[in-house]
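The structure under discussion appears below in the form of structure tokens.
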Amino acid sequence: MTSSSVSPQDLLKLAVEVAEEAAGLIVERRRGTITVADTKSTVTDVVTAVDRESEELIRARVLQARPDDSFLGEEGDDVVGTSGVRWVVDPIDGTVNYLYDIPTYAVSIAVECDGETVAGVVVDAPKGEVFTATKGGGAFADGKAIRVSGATELSQALVGTGFGYDPARRQVQAEVIQHVITKVRDIRRIGVGAIDLCYVACGRLDAVFERGLNPWDYGAGALIAAEAGATVGGLNGAPVSPEMSIAASPALFAPIHDLLAAADPLRA
């Protein structure tokens, strides 16, 4: 089966089934004791054994159903397939929240066909809330259509963001926040990039920006936000990338972008 012969709806159906199973697993495991299994970029960038268990479950379920697909996960080895379909997975987005038992963390699965994201699901595991989208098919929360807030005034915008793990990057990000916070209603730091994007999609945030998100962080959430009517992109016409991710109600995208560019487009 080639990528052109499979529908985004079928891919989403499998993604939702697998994401909900993984979400159930990580919530069940959280009833026990969670410890750090390893660190990644810094000593504060942690991995738990449950991150790995969740990703192994997702990989096994996906490749059992679609053995010719590719797989990119945050915690494990990549799988290169031949179908033109790739699964981009964050088995626990918000691992530090998870470690501290802060009840906001998610399973995120995006599905690409020939390099384009065509389906995505983000499951807020503790709440059981399921955000979904397909390319051109709209965005939904628990099966109900969602839309961005439609906010137009930057001064009244509730804006989400996040911080990297490297201390030098955090210093710069703190400087950027100083530049932004006086221009908006307030700043929220939820700690889960995929949830931030979904909250823009359903109007709980008016905009979000962050430098340092990876494809598994924004793959599903960026599609969900865009399908809910958000403008999604990077700086200076670039697409969303680890360099910068911005999602906002359409009237707010340019003002937020310009604030970030003025703060320092190379360092924000």
(request) Kindly indicate, with the supporting measurements, whether the criterion side chain to side chain contact (heavy atoms under 4.5 Å, CB included) is fulfilled by Tyr165 and Val96. (result) CA-CA 11 Å; Tyr165 290 104; Val96 173; 3.8 Å; yes

(message) Can a donor-acceptor pair be found, under 3.5 Å and without considering hydrogens, that links the side chain of Asn97 to the backbone of Thr104?
(response) yes

(message) Any non-hydrogen side-chain atom of Ile256 less than 4.5 Å from a side-chain atom of Leu154?
(response) yes

(request) Report yes if the side chains of Ile224 and Leu197 come closer than 4.5 Å at any heavy-atom pair, otherwise no. (result) no

(message) For the backbone of Asn214 and the side chain of Asp217, can you confirm whether one donor and one acceptor N or O come within less than 3.5 Å of each other?
(response) yes

(message) With rounding to the nearest 0.5 angstrom, report the CG to CD distance, Leu223 to Glu112.
(response) 10.5 Å

(message) What I'd like to find out is whether the side chain of Tyr218 reaches to under 4.5 Å of the side chain of Pro242, using heavy atoms alone.
(response) yes

(message) Going by the rule salt bridge (Lys or Arg N to Asp or Glu O under 4.0 Å), which residues pair with Asp206 if we only count those two or more places apart in sequence or in a different chain?
(response) none

(message) Would you say that Leu213 contacts Glu210 through its side chain, given a criterion of any heavy-atom pair below 4.5 Å between the two side chains?
(response) yes

(request) Could you tell me which residues satisfy salt bridge (Lys or Arg N to Asp or Glu O under 4.0 Å) with Glu116, sequence neighbours excluded, listed by chain and number? (result) Lys135

(message) Listing request: all salt bridge (charged side-chain N to carboxylate O under 4.0 Å, His left out) pairs with a residue in residues 5-14, at least two apart in sequence or in separate chains.
(response) Lys13-Glu17

(request) Please lay out, stage by stage, how Val111 and Arg86 fare under the test side chain to side chain contact (heavy atoms under 4.5 Å, CB included). (result) CA-CA 6 Å; Val111 193; Arg86 184 171 77 154; over 6 Å; no

(message) With heavy-atom distances below 4.5 Å as the criterion, would you say the side chains of Leu260 and Leu235 are in contact?
(response) yes

(request) Could you pull out all residues at least two apart from Ala110 that satisfy side-chain contact (heavy atoms from CB on, under 4.5 Å)? (result) Val88, Thr117, Ala220

(request) Quick one: pull up CD1 in Ile109 and CG in Leu11 and give me the separation to the nearest 0.5 Å. (result) 11.5 Å

(request) Look up atom CG in Leu99 and atom OG1 in Thr48, then write down how far apart they are to the nearest 0.5 Å. (result) 7.5 Å

(message) For Tyr105, give me all partners under ring-ring contact (aromatic ring centres under 6.0 Å, His included), at least two apart in sequence or on another chain.
(response) Tyr98

(request) With sequence neighbours excluded, tell me which residues meet salt bridge (Lys or Arg N to Asp or Glu O under 4.0 Å) with Glu20. (result) none

(request) Please list all pairs passing the side-chain hydrogen bond (donor to acceptor under 3.5 Å, both in side chains) test where one or both residues lie in residues 245-255, with sequence neighbours left out. (result) Ser149-Ser249

(request) Indicate, with yes or no, if Leu14 and Leu12 share a hydrophobic cluster defined by side-chain heavy-atom contacts under 4.5 Å among Ile, Leu, Val, Met, Phe, Trp and Tyr. (result) yes

(message) Treating Glu227 as the side-chain partner and Gly138 as the backbone partner, does any N or O pair qualify as donor plus acceptor under 3.5 Å?
(response) yes

(request) Could you grab the distance from atom CD of Gln173 to atom CZ of Phe163, nearest 0.5 Å is fine? (result) 6.5 Å

(request) Give a yes or no answer on whether the side chain of Ser54 reaches the backbone of Asp51 with a donor-acceptor pair at less than 3.5 Å. (result) no

(request) Side-chain contact test, heavy atoms from C-beta onward, threshold under 4.5 Å: evaluate it for Tyr199 versus Val208 and give yes or no. (result) no

(message) A side-chain contact here means heavy atoms from C-beta on lying under 4.5 Å apart; do His257 and Asn236 qualify?
(response) yes

(message) Applying side chain to side chain contact (heavy atoms under 4.5 Å, CB included) to Arg30 and Asp101, what does each step give before you reach the verdict?
(response) CA-CA 8 Å; Arg30 193 60 195 74; Asp101 203 15; 3.1 Å; yes

(request) Measure the shortest side-chain to side-chain distance between Phe140 and Thr134 over non-hydrogen atoms and say whether it is less than 4.5 angstrom. (result) no

(message) Glu129: which residues meet the salt bridge (Lys or Arg N to Asp or Glu O under 4.0 Å) condition with it, sequence neighbours left out?
(response) Arg204

(message) Counting only heavy atoms from other residues, nucleotides and ligands, does the tally under 6.0 Å from CD of Glu153 exceed 12?
(response) no

(request) Would you please name every residue forming a side-chain contact (heavy atoms from CB on, under 4.5 Å) with Pro250, sequence neighbours left out? (result) Val148, Thr231

Atom pairs and distances, donor-acceptor, side-chain atoms in residues 183-192, under 3.5 Å, two or more places apart:
unit_1, atom_1, unit_2, atom_2, d
Lys183, NZ, His179, O, 3.4
Arg185, NE, Gln156, O, 2.9
Arg185, NH2, Gln156, O, 3.3
Arg185, NH2, Gln156, OE1, 3.1
Asp186, OD2, Arg188, NH1, 3.0

(message) Taking side-chain contact (heavy atoms from CB on, under 4.5 Å) as the definition, give me every residue that meets it alongside Ala194, ordered by chain and number, with sequence neighbours left out.
(response) Asp93, Ser108, Val122

(request) Using the salt bridge (Lys or Arg N to Asp or Glu O under 4.0 Å) rule, take Arg169 and Asp166 through it: C-alpha gap first, then chi angles, then the decisive distance, then the call. (result) CA-CA 5 Å; Arg169 173 171 285 180; Asp166 179 75; over 6 Å; no

(message) Using the side-chain contact (heavy atoms from CB on, under 4.5 Å) criterion, which residues pair with Phe71? Sequence neighbours excluded.
(response) Glu55, Ile58, Arg59, Val79, Trp87, Val89

